[in-house]
There are 2 protein chains.
Amino acid sequence: MSTPLYQLKAEFFKTLGHPARIRVLELLSEREHAVAEMLPEVGIEPAHLSQQLAVLRRANLVKTRKEGSTVYYSLISPQVAELLRVARTILSGVLAGQAELLADLQAAQRPAKPPS
Amino acid sequence: MSTPLYQLKAEFFKTLGHPARIRVLELLSEREHAVAEMLPEVGIEPAHLSQQLAVLRRANLVKTRKEGSTVYYSLISPQVAELLRVARTILSGVLAGQAELLADLQAAQRPAKPPS
DNA sequence: TCAGCAATTGCCAATATTAGCAATTGCTGA
DNA sequence: TCAGCAATTGCTAATATTGGCAATTGCTGA
């Protein structure tokens, strides 16, 4: 193994680490989409979307199908949808934790009640 | 919502996008670890590990427990372990796909046998 | 009290990522 | 054939991440 496994994992997550790419993967979790179809959803200029799609292609996460001059993208592995689902669960936990913290901070401005 | 959800998700994945941080999360998926204990596993200098741990702390993915002068880290959400598991599955699919591609490329040098 | 270790922080240069703009490719319909 | 649209590529400046080194904090045992 030339590259250690955790290096590959890190690169994998790095390719997910961009708002436009996440947005695209979410759209593709539902069904395949043409580039033009994704454009308004992602809200970035065409050239930039192409670049981000290229990143996903290079990472082997999506595949393309050409029909005339429009290109349809879809997920290679449907498990990506599951990954996003798990991530959402974790994230809502994290955000809930932060909300709690926020509440504590706000409470601390009044006659302090110590954390449980 | 000041920051759109997919922005938060991207940031979440971005914090996973570093070999040392992945390594740490894998270790913590098993059980809590002291910093000194992780050092040889991760194989980077102490100051750098601290920095990466700080990234994980800021992202609310890990928590610390102090005992004397040693600091123990653990996962806040055990679901992170599941996330890493799903990621591994996807990754092995991706790598298998690449291996196939490689095999095809090699086969293409001999009297070509078309893809199934 | 202070020497010594664990862990962290701050600062900075090297490196990688992102996003904007112009130019190009490939297909389609007039 | 060529005008026009979909998508992509190349180049570049702005921005963010990284990793190395020195200095600091906090605890413990002599």
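Just so we're on the same page: letters track the sequence lines, and every chain starts at 1. Here the structure is a predicted model, which is why all the values come from computation and not from measurement.
- Of the candidate nucleotides D:dT9, C:dT8, D:dA7, C:dT8 has the atom nearest to the side chain of B:L53.
- The partner of D:dC27 is C:dG4, by the rule that a Watson-Crick or G-U pair needs both atom distances under 3.5 Å.
- Checking C:dT17, C:dA7, D:dA22 against the side-chain heavy atoms of A:K14 singles out C:dT17 as nearest.
- Not one side-chain nitrogen or oxygen of B:H48 sits closer than 4.0 Å to the OP1 or OP2 atom of D:dC21.
- Distance A:M38 CE to D:dA6 P: 14 Å, rounded to the nearest Å.
- The distance from atom CG of B:L56 to atom C1' of C:dT8 is 15 Å, rounded to the nearest whole Å.
- Across all strands, B:Y73 comes closer than 4.0 Å only to sugar-phosphate atoms, never to a base (heavy-atom distances).
- Atom-to-atom, CD of A:Q7 to C1' of C:dA16 comes out at 13 Å; the value is rounded to the nearest Å.
- B:F13 and A:F13 have parallel rings, their planes meeting at less than 30° on a 0 to 90° scale where 60° marks the start of perpendicular.
- Judged by closest nucleotide on DNA chain C, A:R21 is the one of A:E67 and A:R21 placed further toward the 5' end.
- Rounding to whole angstrom units, NE2 of residue A:H18 and P of C:dT18 are separated by 5 Å.
- A:Y72 places its OH atom 9 Å from the P atom of D:dA7, with the value rounded to the nearest Å.
- Both distances falling under 3.5 Å, in either a Watson-Crick or a G-U wobble arrangement, place D:dT17 opposite C:dA14.
- Where A:A54 and B:G17 meet DNA chain D, the nucleotide closest to each residue was compared, and A:A54 sits on the side nearer the 5' end.
- For A:E45, counting side-chain heavy atoms from C-beta on, the closest listed nucleotide (C:dC21, D:dA7, D:dG20) is C:dC21.
- Between C:dT9, C:dA19, D:dT9, one nucleotide has an atom nearer to the side chain of A:A47 than all others, and that is D:dT9.
- A side chain to side chain contact (heavy atoms under 4.5 Å, CB included) with B:Y73 holds for exactly one of B:R57, B:R65, B:K63; it is B:R57.
- Comparing A:Q51 and A:S69, the nucleotide of DNA chain C nearest to each residue sits closer to the 5' end for A:Q51.
- Salt bridge status for B:E11 with B:K9: absent, with no side-chain N to carboxylate O gap under 4.0 Å.
- A salt bridge is absent between A:R21 and A:E26: the closest approach of a Lys/Arg side-chain nitrogen to an acidic carboxylate oxygen does not fall below 4.0 angstrom.
- When the nucleotides C:dA7, D:dC21, C:dA19 are ranked by their closest atom to the side chain of B:T70, C:dA7 comes out on top.
- The CG-P distance, from A:L39 to D:dT8, rounds to 10 Å in whole Å.
- To the nearest angstrom, P of D:dA6 lies 17 Å from CZ of A:R65.
- When the options A:V55, A:L16, A:I76, A:L75 are evaluated for a side chain to side chain contact (heavy atoms under 4.5 Å, CB included) with A:L61, the one that passes is A:L16.
- To the nearest angstrom, C1' of C:dT8 lies 12 Å from CZ of B:R58.
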